[in-house]
Number of protein chains: 2
Amino acid sequence: MVDNVHSVAAPEATDEAATTHERLLVAAAALFAERGYSGTSMADIAERVGVRKASLYNYYPSKEEILMHLLRHGIQAWDEAAVGELEGDAPVGERLWRHLLAAVRFVGERPELVAIFRVAATQIGGDLGERAMAEVKEFKDSHRRQLEAVFERAVADGEVRPGAPADHAYVLRMFANGVVTSQLHACEADERLEEGRLRNLWDLFWNGLACEAPASEVTA
Amino acid sequence: MVDNVHSVAAPEATDEAATTHERLLVAAAALFAERGYSGTSMADIAERVGVRKASLYNYYPSKEEILMHLLRHGIQAWDEAAVGELEGDAPVGERLWRHLLAAVRFVGERPELVAIFRVAATQIGGDLGERAMAEVKEFKDSHRRQLEAVFERAVADGEVRPGAPADHAYVLRMFANGVVTSQLHACEADERLEEGRLRNLWDLFWNGLACEAPASEVTA
DNA sequence: CCTACCGATCGGTAGG
DNA sequence: CCTACCGATCGGTAGG
């Protein structure tokens with residue numbers, strides 16, 4: 001087990017000037033993201049790294065452990081990139097906007113790491129599936145609790161519409177998840193969001209799609 | 001090629017009283033959803049169906065064609081379940097709410113079919129990936145255009161906050177995608193949304209998280 | 001980091 | 001719908 005590689009180098013590092021271990025992680029992340037876990041063979045990874053398959057086992061004892069390492073690394077990197085934005089004394093709408101912006105930037109810069117979450121979530125049964133799911137669940141729960149705390153204070157301070165903070169947190173998470181997921185699939189700059197438009201979308205979301213004037217009673 | 005099976009029977013039909021072809025589709029959908037495309041072997045499917053592997057090739061010429069059939073079927077079923085709700089003369093907020101409700105009910109009843117979208121999207125490279133992606137893209141574009149048309153009228157009628165209809169549609173799609181995706185992973189009734197709460201979440205989303213009173217200027 | 005190799009399983013076919 | 005089989009590839013190991 002190797003524990004002195006705490007970062008997965010940026011994709012550019014695949015080409016040159018990176019340790020074999022770093023190139024292993026970059027290659028594995030990209031391949032898992034492209035083809036899924038089962039769709040990627042150790043030989044595929046080795047070919048991209050430029051070594052023989054057996055050499056990979058000097059760094060990780062199994063394919064499973066490569067995925068688990070990437071998953072833990074992805075969670076940590078996402079935490080560092082986005083979670084801090086929730087703290088501070090700025091208006092809650094501003095903190096949440098910066099949180100969303102950080103998340104969208106993260107997926108733009110490291111899409112393979114975000115894709116690992118999806119890959120892990122796809123493996124529902126089996127040993128690997130349970131281990132991966134436990135890691136993802138802990139991460140999601142932590143994020144949810146953090147958002148709920150943010151909204152609890154915001155509701156108390158009258159900064160947001162009255163209601164259950166858990167509901168506010170849920171609505172925000174669903175919107176942010178949708179945006180991040182859509183950006184994950186839009187790798188080819190095909191429908192990448194530029195930040196000006198993202199800000200417009202955020203304002204529309206934050207203030208609501210409904211007309212400001214009280215709408216006529218819904219005919220349910 | 002068989003074309004007289006237009007439906008994938010409900011999961012209960014796996015047990016008894018269904019043609020082999022129907023059970024094949026049910027088993028394949030469930031297994032692809034659980035383990036992914038590459039993680040599911042023809043032998044796995046055959047075992048669940050209760051026949052030998054070679055017999056499956058009487059119904060589809062390849063594993064790829066099973067996935068493509070399920071993908072097309074899932075798209076059609078989703079269209080039938082949710083798209084019609086967008087039409088009519090009810091207030092736009094009510095039509096969109098019914099659309100979301102139909103989508104959430106659909107994922108609750110047929111999660112394997114919704115999961116197929118994700119499985120297909122995971123296969124990025126290769127023959128299968130391109131064919132599946134083309135099908136999904138056509139479906140998504142059609143849904144996007146439909147929502148944009150809905151919002152174009154709603155903006156013109158002053159039923160929603162002024163702005164670009166494409167932005168309204170984007171915000172709604174991101175929220176709905178997030179909700180459906182979260183329900184997809186919450187198969188174990190662990191955090192299934194009941195419809196009363198979903199309605200509360202919808203109202204919060206539709207009217208906006210922001211306080212109704214004009215918030216103080218954002219300190220950007 | 002390599003060559004050489006392991007048993008198991010892969011998608012698919014032949015032939016009935 | 002079955003038995004029997006194909007070449008290819010799988011994750012992983014031995015030994016250096």
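The model shown is predicted, which means the values in this text are computed figures rather than measured ones. Order of the sequence lines fixes the chain letters, A, B, ..., with proteins taken first and strands second; residue numbering starts at 1 for each chain.
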Discussion item. Below the 4.0 Å mark, does dT9(D) have OP1 or OP2 next to a side-chain nitrogen or oxygen of Ser41(A)?
Written reply: no
Item to complete: Select one nucleotide: of dC2(D), dC1(D), dG11(C), the one nearest the side-chain heavy atoms of Asn58(B).
Response: dC1(D)
Discussion item. Salt bridge or not between Lys53(A) and Glu47(A)? Use side-chain N to carboxylate O under 4.0 Å.
Written reply: no
Worksheet item: Between dG11(D), dC1(D), dC1(C), which nucleotide gets closest to the side-chain atoms of Met42(A)?
Response: dG11(D)
Worksheet item: To the side chain of Ala54(B), which of dC1(D), dC1(C), dT3(D) is closest?
Response: dT3(D)
Worksheet item: Do Ser41(A) and Asp44(A) have side-chain N/O donor and acceptor atoms under 3.5 Å apart?
Response: yes
Item to complete: Would you indicate which nucleotide in dT3(C), dG12(C), dT3(D) comes nearest to any side-chain atom of Ser62(B)?
Response: dG12(C)
Worksheet item: What nucleotide among dG12(C), dC2(C), dT13(D) has an atom nearest to a side-chain atom of Tyr57(A)?
Response: dT13(D)
Worksheet item: Is it true that Asp203(B) and Arg199(B) make a salt bridge, defined as a side-chain N closer than 4.0 Å to a carboxylate O?
Response: yes
Discussion item. Using a 4.0 Å heavy-atom cut-off, does Thr40(B) contact any base of the nucleic acid, only the sugar-phosphate backbone, or nothing at all?
Written reply: sugar-phosphate
Item to complete: Establish whether the base of dG11(C) is bridged to the side chain of Lys53(B) by a donor-acceptor pair shorter than 3.5 Å.
Response: yes
Practice prompt. Verify ring pair (Phe, Tyr, Trp, His ring centres under 6.0 Å) between Phe117(B) and Phe139(B), making sure each step is shown before the conclusion.
Written response: CA-CA 11 Å; Phe117(B) 288 70; Phe139(B) 156 71; 5.2 Å; yes
